[in-house]
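Every chain is numbered from 1, with letters handed out A, B, ... down the list of sequences.
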Number of protein chains: 2
Amino acid sequence: MELTNKIAAIPLFNGLPLKQHENLAAIAVQKTFKRGQIIFSEGDEGIGFYIILSGRVKIFKLSAEGKEQIFHIMESEEPFGEATVFAGEHYPASAQALVETKVLLFPRQTFVDLISKNPSLALNMLAFLSSRLRTLASLVEDLSLKEVPGRLAAYLLYLSDRNKGATILELDISKNQLASLLGTIPETLSRIFNRMGKDKLIKTTPRHIHILDHQGIVQLACGRKRLA
Amino acid sequence: MELTNKIAAIPLFNGLPLKQHENLAAIAVQKTFKRGQIIFSEGDEGIGFYIILSGRVKIFKLSAEGKEQIFHIMESEEPFGEATVFAGEHYPASAQALVETKVLLFPRQTFVDLISKNPSLALNMLAFLSSRLRTLASLVEDLSLKEVPGRLAAYLLYLSDRNKGATILELDISKNQLASLLGTIPETLSRIFNRMGKDKLIKTTPRHIHILDHQGIVQLACGRKRLA
DNA sequence: ACTTATGCTTGACTTAAGTCAAGGCGCAAC
DNA sequence: GTTGCGCCTTGACTTAAGTCAAGCATAAGT
């Protein structure tokens with residue numbers, strides 16, 4: 001059946017026996033969210049966790065004054081809302097569909113039952129939570145120990161890596177969103193793009209960023225160099 | 001045997017059959033670290049994870065210029081270095097004993113073997129990683145969305161909560177360490193203590209902090225109020 | 001007791017980044 | 001088309017927090 005095949009393709013469920021893929025398909029609930037729709041809000045009761053089938057979702061928190069910090073932007077086959085399954089009653093952050101998005105929802109208790117009978121699923125989940133922990137730790141590091149130019153440089157390197165070391169990068173999120181992801185505001189981000197251009201580290205065209213001095217960007221990201 | 005009893009008392013191992021406590025005791029390695037000693041450094045190969053038997057450990061990262069961000073300060077029965085067991089080859093941060101500290105080291109592969117045979121251990125570990133994830137998310141929130149006074153206020157509330165709502169708090173870490181934990185520097189922290197005193201929110205004596213206006217501190221922590 | 005650290009505070013100054021306000025560009029809708 | 005609306009940029013200004021430097025107090029070592 002089609003759903004079972006989709007589930008079999010999800011990295012989190014890698015290496016599970018067919019039988020388990022069928023069990024997962026049996027408890028999963030398909031949902032669709034429109035562009036801009038809130039999937040859950042910080043503080044909502046945690047009903048389960050999600051896996052993206054198609055589309056794009058951002059996980060974020062808002063400050064009292066309305067400033068937004070994006071934690072992750074996730075795409076196909078990535079899970080979110082997972083921490084609430086195993087600890088805590090409420091979602092610690094909000095999730096919003098950035099485009100039309102299809103997800104699978106795995107209800108909390110049924111998923112816990114399943115996992116407690118499947119050590120390899122448990123190990124996959126442990127690996128996933130661990131790598132999520134690393135991502136968050138590096139976000140803390142960036143926010144606390146680097147200035148905005150360093151964070152942007154690190155993000156450009158991440159993009160470049162993700163595209164097999166490409167030197168021409170396409171921004172897949174708006175610069176406003178990127179500012180939120182880097183823990184700053186659009187005005188500051190814009191000025192820093194500008195300065196990086198003047199320093200001949202990058203060249204920006206409307207929708208692309210051309211990396212001119214990869215080594216220089218590495219140094220900026222590690223705090224071994226500053227913009228003029 | 002004594003070690004088995006100690007292990008049985010560790011929350012992470014709650015609810016496991018006696019047999020498993022014995023298995024854990026069999027693979028655990030006891031180690032002792034002196035005050036100030038580095039347990040592992042960021043980038044070191046991950047040999048396993050630790051549980052504190054006695055003492056105190058800080059988990060931190062350093063910036064290129066030497067600024068420190070403390071992620072956690074951990075005490076008896078708390079695990080650390082756990083993310084590396086399930087994902088990644090190297091420790092993402094450093095660990096240092098703040099006082100003479102005894103730990104148990106669980107070597108990576110043996111622990112993974114054990115966990116893959118024990119769903120309830122796996123679930124305990126999942127719950128622990130999830131709550132660690134929440135802690136980190138709230139650190140990100142604090143760093144990115146709150147100013148230093150708000151972070152300090154949140155920390156004071158955390159201390160007060162931990163002591164059953166006490167209004168007289170004893171600082172169990174130095175103010176320098178507290179500054180690192182809040183993502184700032186001692187000078188700034190000192191000035192903010194000062195301002196909170198002037199606003200009659202707290203009264204500080206050399207080693208204690210007296211909470212005068214709990215409600216005011218809550219508002220400060222939520223960004224609904226600012227210091228004069 | 002004297003000296004040396006160490007931790008903490010204070011003051012004067014600098015700076016990164018945020019706020020506020022205005023304007024331009026590009027795209028979609030009417 | 002042209003109108004309008006996000007998205008992005010720019011300039012002038014403010015501000016939170018960091019840097020540098022000095023001073024003091026407590027605790028520790030000889």
Side-chain angles (χ1 to χ4, degrees), chain A residues 35-36 58 62-70 98-99 142-153 170-199 202-209 220 223 225-228, chain B residues 35-36 58 62-70 98-99 142-153 170-199 202-209 220 223 225-228:
Chain A
R35 173 190 158 93
K58 78 172 175 199
L62 296 175
S63 76
E65 302 85 37
K67 189 188 167 192
E68 174 189 83
Q69 172 67 47
I70 297 180
L98 292 179
V99 296
D142 286 357
L143 289 173
S144 166
L145 302 176
K146 289 179 186 164
E147 317 196 317
V148 183
R151 287 179 233 162
L152 175 55
E170 192 176 346
L171 269 193
D172 53 357
I173 53 177
S174 79
K175 291 187 177 168
N176 281 352
Q177 299 278 290
L178 179 55
S180 276
L181 193 57
L182 299 179
T184 185
I185 54 172
E187 291 95 322
T188 298
L189 181 62
S190 178
R191 290 182 235 269
I192 287 169
F193 267 122
N194 204 325
R195 287 204 278 157
M196 286 179 74
K198 281 184 188 148
D199 282 14
I202 57 173
K203 214 171 86 179
T204 56
T205 63
R207 203 92 209 142
H208 293 89
I209 297 163
L220 189 59
K225 160 172 177 164
R226 337 191 71 219
L227 289 178
Chain B
R35 172 192 159 94
K58 78 172 174 198
L62 296 175
S63 76
E65 302 86 35
K67 189 188 168 192
E68 174 189 82
Q69 172 68 47
I70 297 180
L98 292 178
V99 297
D142 286 357
L143 289 172
S144 165
L145 268 18
K146 289 179 185 164
E147 316 194 317
V148 183
R151 288 179 234 162
L152 175 56
E170 191 176 346
L171 270 193
D172 53 357
I173 54 176
S174 79
K175 292 186 177 170
N176 282 352
Q177 299 279 290
L178 179 55
S180 276
L181 192 57
L182 298 180
T184 185
I185 56 173
E187 292 95 320
T188 298
L189 182 62
S190 179
R191 289 183 238 268
I192 287 168
F193 266 124
N194 204 325
R195 286 205 277 159
M196 287 179 74
K198 281 184 186 147
D199 282 15
I202 58 171
K203 214 170 86 179
T204 57
T205 63
R207 204 93 209 142
H208 293 89
I209 297 163
L220 189 58
K225 161 170 175 167
R226 336 190 71 218
L227 289 177

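Contact annotation: A:R191 side-chain N/O to D:dC8 OP1/OP2 distance is not under 4.0 Å. Within the 4.0 Å cut-off from OP1 or OP2 of D:dT10, at least one side-chain nitrogen or oxygen of A:N194 is found. At C:dT9, one or more side-chain N or O atoms of B:S190 fall inside 4.0 Å of OP1 or OP2 (strictly under the cut-off). Remark: B:N176 is not in phosphate contact with C:dT6, judged by side-chain N or O atoms under 4.0 Å from OP1 or OP2. Using a 4.0 Å cut-off, no side-chain N or O of A:K67 falls inside it from OP1 or OP2 of C:dT19.
Of all non-hydrogen atoms in B:G223 and A:A64, the two that sit nearest each other are O-CB, 3.9 Å.
Counting to the nearest Å, the C1' atom of C:dA16 and the NZ atom of A:K146 are 17 Å from each other. Going from atom CZ of A:R35 over to atom P of D:dG6 covers 11 Å, rounded to whole Å. As a whole-Å value, the separation of B:I192 CD1 from C:dT10 P is 13 Å. The distance between atom NZ of B:K198 and atom P of C:dT10, rounded to the nearest whole Å, is 8 Å. In this structure, the CG atom of A:L171 is 14 Å from the P atom of D:dC7, given to the nearest Å. Separating the CG atom of B:L143 from the C1' atom of C:dA17 is a distance of 16 Å, rounded to the nearest angstrom. Across the protein-nucleic acid pair, B:K175 atom NZ and D:dC24 atom P stand 19 Å apart, rounded to whole Å. Note: CG (B:D142) to C1' (D:dA17) measures 17 Å, nearest angstrom.
Between D:dT10, C:dG18, D:dA17, one nucleotide has an atom nearer to the side chain of A:E187 than all others, and that is D:dT10. Taking the side chain of B:T188 as heavy atoms from C-beta on, and the options C:dG18, C:dT10, D:dA17, the nearest nucleotide is D:dA17. Closest to the B:E147 side chain, of the nucleotides D:dA17, C:dT10, C:dA17, is D:dA17. Distances from the side chain of B:S174 to the nucleotides C:dC8, C:dG18, C:dA21 place C:dC8 closest. Nearest to the side chain of B:T184, among C:dA17, D:dT9, D:dG18, sits D:dG18.
Using a 4.0 Å heavy-atom cutoff across all strands shown, A:R226 reaches sugar-phosphate atoms only and no base atom.
A distance-only check finds a donor-acceptor pair linking the side chain of B:Q69 to the backbone of B:L181 [under 3.5 Å].
Counting non-hydrogen atoms of neighbouring residues, nucleotides and ligands closer than 6.0 angstrom, the CZ atom of A:R195 exceeds 12 such neighbours.
For the pair A:L152/A:L220, no side-chain contact is recorded, criterion being any heavy-atom separation below 4.5 Å from C-beta on. Using a 4.5 Å cut-off on side-chain heavy atoms (C-beta onward), B:I173 and B:K58 make no contact.
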